[in-house]
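Because only heavy atoms are used, hydrogens play no part in the values below, and waters and symmetry mates are left out as well, while side chains stay in. Just so we're on the same page: letters track the sequence lines, and every chain starts at 1.
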There are 2 protein chains.
Amino acid sequence: MIDLVYIAILKANRLRPTTVRLAVLSVMSDYEDGTHFTIEKISDDLINRGVRKSIGSIYRTLKEFEDSGIVIRHQFDSIGTVYESNTGSDHDHTVCVVCGKIREFYKTEFDSLRKEVVSESKGRLIKHTQTLYVVCESCL
Amino acid sequence: MIDLVYIAILKANRLRPTTVRLAVLSVMSDYEDGTHFTIEKISDDLINRGVRKSIGSIYRTLKEFEDSGIVIRHQFDSIGTVYESNTGSDHDHTVCVVCGKIREFYKTEFDSLRKEVVSESKGRLIKHTQTLYVVCESCL
DNA sequence: GATAATAATGCAAATCATTAGCATTTAGAT
DNA sequence: ATCTAAATGCTAATGATTTGCATTATTATC
């Protein structure tokens, strides 16, 4: 059974492999890499699979996943809270203000600049967020 | 009377110079440049001046100011919604995850990189946000 | 300046997203 | 199979923000 992978992921994060957590991992695994999803989408997708889980438990689950580093949570202007699987890739986002499509981008140079900023202020960088709000090619 | 400046600002944005708007502009003008403030701080400061305005009106006023470009609204992780006067200066922020202090920084190079990203994707840049979550020098 | 038309305000109730309390169920260890 | 701790569902609570509406203040008109 495919669930073995999910069970392993959960165990690695000291989370019991319960039906809610397995179900959430399962719907997440159907998303393409780099997909950004909401709590509501998870809930809908579960319902579409005939799996009814309380919205409260989904919130709890996603928070646990976030704490464990299984997912990353983002807050975008006029879009709200979205999650993505944490693939470990370092990237920032563009958000199309017309269609709402979220895309990822990466440029090493940003990192060096950020390090400069932080070292100039003698602080320590914990994390960063950068989002470019754009009108994307297809919406232009 | 000092209010003439505020009245001019409001008129320039087609907003009637009402007591709430003038009072909010007035408390804002007491803040140092680059200060980030919450709705609650505005409300408290109004109360400290003996001016009692409903929290709902303050929300409405700040939204109008945001729409007019008089203020800029930010959402920071674990801090929430804060505003700053819009001085027209282009800058990003560092937020100390220990003390919560918000500071501004600016580096031209970021802009060129962002332009690269957007032009590579053939989109148009509308705005951006970048926040570095740090432990600041004094908290280290 | 008085007055009509329009916008702003206060207040309370409504909303939205998220969290928490608690009784019940499930997973893991013995 | 049994015990203990954790997870779940449910509902109520929360916090931030918005809205409806009756009242009041501003602006435009006479």
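Here B:V82 is tied into one hydrophobic group with A:I126, B:F76, B:I79, B:V95, B:V97, B:V98, B:I102, B:Y133, B:V135, B:L140, each link being a pair of ILVMFWY side chains closer than 4.5 Å.
Summarising the geometry, the separation between CG on A:L25 and P on D:dA7 is reported as 14 Å, rounded to the nearest angstrom. Spacing between atom CD of A:E64 and atom P of C:dA20 amounts to 13 Å, rounded to whole angstrom units. Spacing between atom CZ of B:R14 and atom C1' of D:dT26 amounts to 18 Å, rounded to whole angstrom units. In this structure, the CG atom of A:L22 is 13 Å from the P atom of D:dA7, given to the nearest Å. Put simply, CZ on B:R21 is 11 Å from P on C:dG10, counting in whole angstrom units. Between the C1' atom of C:dC11 and the CZ atom of B:R52 lies a distance of 14 Å, rounded to the nearest Å. Atom CG of B:L62 is separated from atom P of D:dT18 by 10 Å (rounded to the nearest Å).
The side chain of B:S54 contributes an N or O atom lying less than 4.0 Å from OP1 or OP2 of C:dG10. Considering only side-chain N and O atoms, B:K53 lies under 4.0 angstrom from the phosphate OP1 or OP2 of C:dG10.
Remark: B:L113 CG to B:K107 NZ distance equals 12.0 Å, nearest 0.5 Å.
Salt bridge status for B:K41 with B:D45: present, with a side-chain N to carboxylate O gap under 4.0 Å. A salt bridge between B:R114 and B:D92 is present, with a side-chain N of the basic residue lying under 4.0 Å from a carboxylate O of the acidic one.
In this view, A:S119 satisfies the side-chain contact (heavy atoms from CB on, under 4.5 Å) rule with no residue, not counting sequence neighbours. Take B:E137 and apply the side-chain hydrogen bond (donor to acceptor under 3.5 Å, both in side chains) test, not counting sequence neighbours, and it matches no residue.
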Contacts under 3.5 Å, N or O only, protein and nucleotides 12-19 of chain C:
{"unit_1": "C:dT18", "atom_1": "OP1", "unit_2": "A:T81", "atom_2": "OG1", "d": "3.0"}
{"unit_1": "C:dT18", "atom_1": "OP2", "unit_2": "A:Y59", "atom_2": "OH", "d": "2.5"}
{"unit_1": "C:dT19", "atom_1": "OP1", "unit_2": "A:K63", "atom_2": "NZ", "d": "2.7"}
{"unit_1": "C:dT19", "atom_1": "OP2", "unit_2": "A:K63", "atom_2": "NZ", "d": "3.3"}

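A donor and an acceptor atom, one from each side chain of A:H128 and B:Q130, are nowhere located under 3.5 Å apart.
Ring pair A:Y83/A:F37 is parallel by interplanar angle, where below 30° counts as parallel and above 60° as perpendicular.
Residue pairs that meet the side chain to side chain donor-acceptor pair (under 3.5 Å) test with at least one member in residues 15-27 of chain A, sequence neighbours left out, are A:T19-A:K53, A:R21-A:E64, A:S26-A:R49.
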### Query
When you check every protein heavy atom under 4.0 Å of nucleotides 22-30 of chain C, what one-letter string (B, S, -) results, 5' to 3'?
-----BS--

